[in-house]
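First the structure, in the form of structure tokens, and then the observations on it.
Everything numeric here is computed off the predicted structure, so don't read it as measured data. Residues take their numbers from the sequence shown, with the count starting at 1.
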Amino acid sequence: MRGCLIVPIQIELYDEVLQQLQRDILNKVNDTGVKGVKGVIIDVSVVEIIDSFIAQIFVDICRMTALIGAQTILIGIRPALAGALTDLGIGVRDIHTALTLDHAISQLEPVVSPATSVLNIPEEDMTHEDAEYWAEDAEDEADLYVDEGQ
């Protein structure tokens, strides 16, 4: 979505699942290249329990994506989860967080250029529905700029 990869965590997290999630996110950011994913939003709002391994994986994902050119924001961190992260002594100073998806997208706006608001699908692979959706999205964005006098 607009140069952002949105990752809602909706399953119980096991070591293998987390490691696969980490690989998938890094591969997606890397595979899309310079004009692809510039922001990753990971929604942890349904994560009930976090141990040091889970916390470290999320921190590592944030740091690794930064190394390959994308900023990652964790959203939905509840007070208990925040307490667990600090109690575990995991360094989170360089980790970006937001309360909601809207806040995260706003934070990523300077990182995600307007040129990445198009779908990164080769034109020959794009379906008619994809083309209609992105054409409507482009019109909405154009209307927004006109309304704001830009």
Side-chain angles (χ1 to χ4, degrees), residues 1-122 125-127 129-138 140-141 144-145 148:
M1 179 176 154
R2 296 183 180 168
C4 294
L5 175 64
I6 301 172
V7 184
I9 306 295
Q10 299 177 340
I11 59 172
E12 192 169 338
L13 298 174
Y14 297 100
D15 294 358
E16 299 82 25
V17 171
L18 278 167
Q19 290 169 334
Q20 184 63 49
L21 175 70
Q22 182 179 43
R23 282 190 298 273
D24 290 347
I25 291 171
L26 294 172
N27 287 334
K28 182 67 173 177
V29 170
N30 189 56
D31 291 348
T32 60
V34 176
K35 294 184 180 181
V37 173
K38 293 294 178 197
V40 177
I41 300 170
I42 302 174
D43 183 355
V44 296
S45 59
V46 297
V47 175
E48 296 287 332
I49 300 170
I50 189 163
D51 61 17
S52 59
F53 181 76
I54 293 170
Q56 192 60 56
I57 288 287
F58 284 128
V59 169
D60 289 348
I61 289 171
C62 294
R63 291 178 178 152
M64 289 177 190
T65 56
L67 289 172
I68 57 176
Q71 180 178 329
T72 298
I73 298 178
L74 298 176
I75 65 169
I77 296 179
R78 293 182 323 277
L81 194 54
L85 286 171
T86 56
D87 290 346
L88 292 169
I90 307 284
V92 293
R93 289 184 191 262
D94 55 342
I95 304 306
H96 300 276
T97 61
L99 291 175
T100 66
L101 180 60
D102 288 337
H103 289 123
I105 290 172
S106 293
Q107 283 183 34
L108 288 172
E109 199 130 350
V111 176
V112 181
S113 69
T116 60
S117 65
V118 297
L119 186 61
N120 292 315
I121 296 177
D125 294 339
M126 189 177 292
T127 66
E129 291 81 14
D130 288 333
E132 284 184 52
Y133 174 81
W134 290 104
E136 289 173 16
D137 190 49
D140 292 344
E141 285 188 34
L144 177 65
Y145 286 111
E148 293 178 353

Under the rule for side-chain contact (heavy atoms from CB on, under 4.5 Å), what residues qualify as partners of Gln107, not counting sequence neighbours? Ile73, His96, Ala98
Can you tell me how far the [atom1] atom of [X] sits from the [atom2] atom of [Y], to the nearest 0.5 Å?
X	Y	atom1	atom2	result
Ile57	Cys62	CD1	SG	11.5 Å
Leu26	Thr65	CG	OG1	7.0 Å
Arg63	Asp60	CZ	CG	7.0 Å

Which atom of [X] lies closest to which atom of [Y], heavy atoms considered:
X	Y	result
Ile41	Ala104	CD1-CB, 3.8 Å
Leu108	Gly39	CD1-CA, 3.9 Å
Ile75	Thr100	CG2-O, 3.7 Å

Sequence neighbours excluded and cut-off under 3.5 Å, please list the side-chain donor-acceptor pairs for residues 4-23, or say none.
residue, atom, partner, partner atom, Å
Gln20, OE1, Arg23, NH2, 2.8
Gln20, NE2, Asp24, OD1, 2.7

